[in-house]
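First comes the structure, then the notes that go with it.
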Amino acid sequence: MTREEAGPRIAKLIEEINEHNFRYYSQAAPSVSDYEFDMLLEELIRLEKEYPDLAVPDSPSQRVGGTITKSFETVRHRYPMLSLANSYSEAEISEFHNRIVKSLEREPVYVCELKYDGLAISLHYENGLLTRAVTRGDGTQGDDVTANVKTIRSIPLRLTGDFPVYFEIRGEIYYPHESFLILNAEREQEGLPLFANPRNAAAGTIKLQDSAEVARRKLDCWLYYLMGENLPFESHYDSLKAAKEWGFRISNNIAICHNINEVFEFIHDWEHGRHNLPFDIDGIVIKVNRFDQQQLLGFTAKSPRWAIAYKYKAEEAVTRLLSVDFQVGRTGAVSPVANLEPVLLAGTTVKRATLHNEDIIKKLDLHIDDMVVVEKGGEIIPKITSVKHEFRKSDSKAINFLSSCPECNTPLERTEGEAAWYCPNSDGCPPQIKGKLEHFISRKAMNVESLGEGRIEIIFDQGLVKDAADLYDLTFEKLIGLEKMYPATEGMKERKISFREKTVDNILNSLEQSKSTPFPRVLFALGIRYVGETVAKKLAEAFGSIDRLMEASREQLIEVHEIGDRIADSLLSYFSDESHRHMIHRLQQSGLQFVMEQTTEKLSNVLEGKSFVISGVFTAFTRDEAKTLIEQHGGRIVGSISAKTDFILAGDQMGPSKKEKAEKLNIRMIDEQTFRLMIGLENN
Ligand code: IVH
């Protein structure tokens, strides 16, 4: 596309994408599929890359991030970001109401809203464009987090309709439950510390330096307060209604209340209703609706006199602690979990509560059979907040943390500064091995779906696999006929999993297909501590192949952007273990991708259609480099020798069985020198 054509096309794409975004996020009524949407966005990003001078600051391509902010600029708020006075009882709300009636000499109309539990944000718009997003900070000045905020899809970058030239709008950035659960599940898999609740996760995310990571995390935002000079509205409610028309995400769960009883009704409705929301709220906010009345009431130093928050108490229940289980996760972290006498709490029956770590058990001074207070606060899983000591029997036994692994008996270890105890036997402790295998086959790693739903567990329990490399030695004969009964559990009927012919075929096929999984995902699949999806990608790009990564020194690792001491140490320790190197070698032999796919142009077609098996070691290149060279010249690598193999690139120390097989099948063996001649690296 020429420059002349690109200009109007970019404008058209932006208009279309903005329209789709608005329909999707503000009206929940999408008119195109996700795929069609992605295609439009991809085209836009491509054109902006080709013609950078045609890119505009409000381009929806900003949604995918890419900016790295080293340190956030401190910005002074034009209007201070105040907080709200809190109240915990209806009596306090009545007092608030009485004060207002006295000052205004009449009953006001109130607006009741949900009190979103996230972090406050101030958005600045000039001529309909989002120009700045600032955190609350200390209320007087906050951090400029514009690049990160621009990745939140529901926040408009460009407004539509009749908006004021300059204004500020405030709201709450939050983590929806669903995204939060996914985030923590991923972090658990990667061995990263979990966020205690969605609020912490939102606050942590908005201060990330890499906006592309923020974009992946799927934050959201509710707007609740329009501010500016000479705004053409008489009331808060009208201003929000208009803001909605300009493209802002304003909740529908807002009520106009003509008297204080209607306010109480709103409070009562959400007391229970809040548990069904897909995000956290910690109360409701009551605001005087009319701006002239707000002005009359004014502010204290800390908060407006025209508004108040009603905070819901975290729901509590008292029940008996029956026992404590210690669970070993994929990373070896041992988590204590309390088994409770079932009790109804916030609409669900609670039977278990997290105890987090040893320090928390000690602090609570927990004994078996204690009556404990369980609370469901911002956290998804309930926790024990205190013990009713008065009910404790004199002979009750204190709960002690284990000193050795409940699964493999290895003495547990605790790193200084960390709260968790770990089982260090990462390659010999059954739940850790099983967890690693589950991670290896998971969707974002090797994506061997047909081994999901408990099948990998059966294969492991049968002793057929001990590590990922064993998966590629599985055969039809080994798998056919395996089965396991799963007894009925709550909400699930008894079920039997059996390996019939079709299942086994599917498993073997998808294992075969997984061999073409790109290197970054293979690296992620290895489950090296702290090497999550993003880190794996960065490492793969920086080093190009597993061979080079395995050889990298601490200094070379740390040189890579965003790779710090912790990740470097984890890599060095992983690769220093001979059994890990051996497993990687076996995976290489099976034909998995351990080299970054070449995005560069092909060098030639001289090896077009030819298949190669690589064996032995070479002097001028590593095996991975040989593989790359073959591919760059149009050839293909296959895992094992068959009658269809065209060449064997044979180095020193080629295995005797391979040699024998090649000779038997009469396959041409070429040495390093001949290979170099073939691809024109050397002349005769
Ligand atoms: S209005 C002058 N409305 O609560 C303060 N705040 O303690 C005007 N919040 O910092 C704030 N939901 O982060 C308002 N519907 C809502 C809210 C809300 C949550 C937060 C906000 C504020 C804090 C006040």
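For reference, positions follow the sequence shown, starting with 1. Whatever order the structure lists them in is the order used to number ligands and atoms, beginning at 1.
- Dense packing is recorded around CD of Glu390, with more than 12 heavy atoms of other residues, nucleotides or ligands lying under 6.0 Å away.
- Pairing each heavy atom of Phe72 with each of Lys207, the nearest pair is CE1-O, 3.3 Å.
- Ile152 and Leu219 make their closest contact through CG2-O, 3.7 Å (heavy atoms, listed as atom of the first residue, atom of the second, distance).
- Environment of CG in Asp138: crowded, with over 12 heavy atoms of neighbouring residues, nucleotides or ligands closer than 6.0 Å.
- Taking the six-membered ring where tryptophan is involved, the planes of Tyr174 and Trp222 are essentially parallel, since the angle between them stays under 30° and well short of 60°.
- Contact residues for ligand 1 (protein heavy atom closer than 4.0 angstrom to any ligand atom): Leu82, Ser83, Leu84, Glu113, Leu114, Lys115, Tyr116, Ala120, Glu172, Tyr224, Tyr225, Val285, Lys287, Pro304.
- Using cut-offs of 30° and 60° on the angle between ring planes, the pair Phe524 and His439 is perpendicular.
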